[in-house]
Amino acid sequence: MILTTNNLSKSYGQQKAVNHLNLTIEKGSLTALLGPNGAGKSTTMQLLIGLTSPTTGSVSYQEQVKIGVVFQTSVLDDMLTVQENLQIRAKQYSKVSQTKVTQLIKQLGLTNFSKQKYGLLSGGQKRRVDIARALLNESDILFLDEPTTGLDIQTRSAIWTLLQHLQDEQDLTIVLTTHYLNETDKADKIYIIDQGALIAQGSAKEIKQRYANNLLTITAKTPDKFYSLLETENIPVLNKKTATVALLPATVQQAIQLLTKYQAEIQSFEFQAGTMDAAFIKLTGKEVR
Ligand code: ADP
Ligand code: MG
């Protein structure tokens, strides 16, 4: 455990931007704070990095850690090249050598555009440079506020891959915010926040299992016979006595077992695994965006 919060709260007037959050961030983990616009993600981030102070509650770091932050809007200079930007930033830390800049350029795949002006880079390239900048001081924990917002799907996925590499190779602890539900599959731990409060936590798998139903629809060769067979099974059935039956298997495994067991009776089937979207709708009563 590298970081915990205890009933962390922040109000702006009557508005409870963050409301009694209890978070636990494990060392070396990739944690995602997930929530719609206005949920309180950025405010939580600012509290975690000490940029604002809580109204009540607290943040505690369990060990001496160096933090790096990638803000939603970049702090780099558009008119300078990638290399110049990083070199200037490195000089601001007395202990950071210029070889660290060279090393990060290589490690984050910036070599091909290191001599280009930052302002002329694509969104994904800029994000990589922002991450390099945040890692200059040998951070133990990296905070990123919506690092993938505004990027196309492939670039978003590339940023996640990069973050996972950093996590694996350097035992970096990563905390990021996102409002993209489907990205969070790659996180070790997800905290879903709505209106400043925590409404669910766990891995994507756990959250989906808990809050999103799997749906298995089966068209039987002889529906009456199939229904009587199903009565001996311990799986919730949605619609009875129609040609196609809708079942709610708890796991993919349970669906496979059922399909295998009754394959002689089944004409066709369709399976939809519980999605993060379904879980989110169930939790918040609304869709993201
Ligand atoms: P998110 O990053 O999840 O979109 P924010 O943390 O930016 O959400 O905002 C959470 C809520 O707090 C919003 O209702 C927002 O309007 C409000 N808020 C955030 N910062 C301030 C501020 N400096 N002053 C007043 N209200 C704020
Ligand atoms: Mg925000």
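Numbering of ligands and ligand atoms starts at 1, following listing order. Quick caveat, the model's predicted, so the values are computed rather than measured. Sequence positions, counted from 1, serve as the residue numbers for this chain.
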J.: Evaluate the 4.0 Å heavy atom contact test for atom 21 (C) of ligand 1: does a protein atom fall under the cut-off?
T.: yes
J.: Any salt bridge between Lys225 and Glu265, counting N to O under 4.0 Å?
T.: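 Result for this pair is yes, salt bridge flagged.
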J.: Tell me which protein heavy atom sits closest to atom 4 (O) of ligand 1, plus the residue, atom name and distance to 0.1 Å.
T.: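 Here the nearest protein heavy atom works out to Gly38 N, 2.7 Å.
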J.: Starting from atom 7 (O) of ligand 1, locate the nearest protein heavy atom and write down its residue, its atom name and how far away it is, to 0.1 Å.
T.: Ser42 CB, 3.8 Å
J.: Below 4.0 angstrom, N of the basic side chain to O of the carboxylate: do Asp130 and Arg127 qualify?
T.: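 Looking at Asp130 and Arg127, the cut-off is met.
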J.: Suppose I only count heavy atoms of Thr43 and a 4.0 Å limit; which atoms of ligand 1 are within that range?
T.: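 Per the distance check, 5 (P), 6 (O), 9 (O), 19 (C).
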J.: State which residue, out of Leu258, Leu216, Leu230, fulfils the side-chain contact (heavy atoms from CB on, under 4.5 Å) condition with Ile235.
T.: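 Looking at Leu258, Leu216, Leu230, the match for Ile235 under the side-chain contact (heavy atoms from CB on, under 4.5 Å) is Leu258.
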J.: Ion pair present between Lys117 and Glu84, side-chain N to carboxylate O less than 4.0 angstrom?
T.: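 No.
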J.: Which residues and atoms, protein N, O or S only, are under 2.8 Å from the Mg ion (ligand 2)?
T.: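 Result, waters dropped: Ser42 OG.
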J.: Hey, are the side chains of Thr217 and Leu247 touching, using non-hydrogen atoms and a 4.5 Å cut-off?
T.: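 They are not in contact (no side-chain heavy atoms under 4.5 Å apart), so the answer is no.
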J.: Out of all atoms in ligand 1, which are within 4.0 Å of some heavy atom of Ala39? Include the element for each.
T.: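 Checking each atom against Ala39, I get 1 (P), 3 (O), 8 (O).
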J.: Using non-hydrogen atoms of the residue, decide whether Pro36 is closer than 4.0 angstrom to ligand 1.
T.: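 For ligand 1, residue contact (heavy atoms, under 4.0 Å) with Pro36 is present.
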J.: Please check if the number of heavy atoms outside Gln272 that lie under 6.0 Å from its CD is greater than 12.
T.: no
J.: Can you sort out the partners of Phe269 under ring-ring contact (aromatic ring centres under 6.0 Å, His included), two or more places apart, ordered by chain and number?
T.: none
J.: With a cutoff of 4.0 Å, is Gly35 in contact with ligand 1, counting heavy atoms of the residue only?
T.: no
J.: Heavy-atom count around Lys100 NZ within 6.0 Å, excluding the residue itself: above 12?
T.: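 Above 12, so yes.
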J.: Give the residue, atom name and distance (to 0.1 Å) of the protein heavy atom nearest atom 27 (C) of ligand 1.
T.: Tyr12 CD1, 3.2 Å
J.: Closer than 4.0 angstrom, basic N to acidic O: yes or no for Glu26 and Lys189?
T.: no
J.: Between Lys282 and Asp277 (salt bridge meaning N to carboxylate O under 4.0 Å), is one present in this structure?
T.: no
J.: Report yes if some N/O of Gln15 lies less than 3.5 Å from some N/O of ligand 1; otherwise report no.
T.: yes
J.: Taking atom types as modelled, is there a side-chain donor on Asp145 or Ser42 under 3.5 Å from an acceptor on the other?
T.: yes
J.: To the nearest 0.1 Å, how far is atom 8 (O) of ligand 1 from its closest protein heavy atom, and which atom is that?
T.: Gly40 N, 3.1 Å
J.: Counting only nitrogen or oxygen atoms and a 3.5 angstrom limit, does Ala17 reach ligand 1?
T.: no
J.: Thr284 and Asp194: side-chain donor and acceptor closer than 3.5 Å?
T.: no
J.: Which ligand 1 atoms does Asn37 reach within 4.0 Å, using its non-hydrogen atoms?
T.: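 Close to Asn37: 4 (O).
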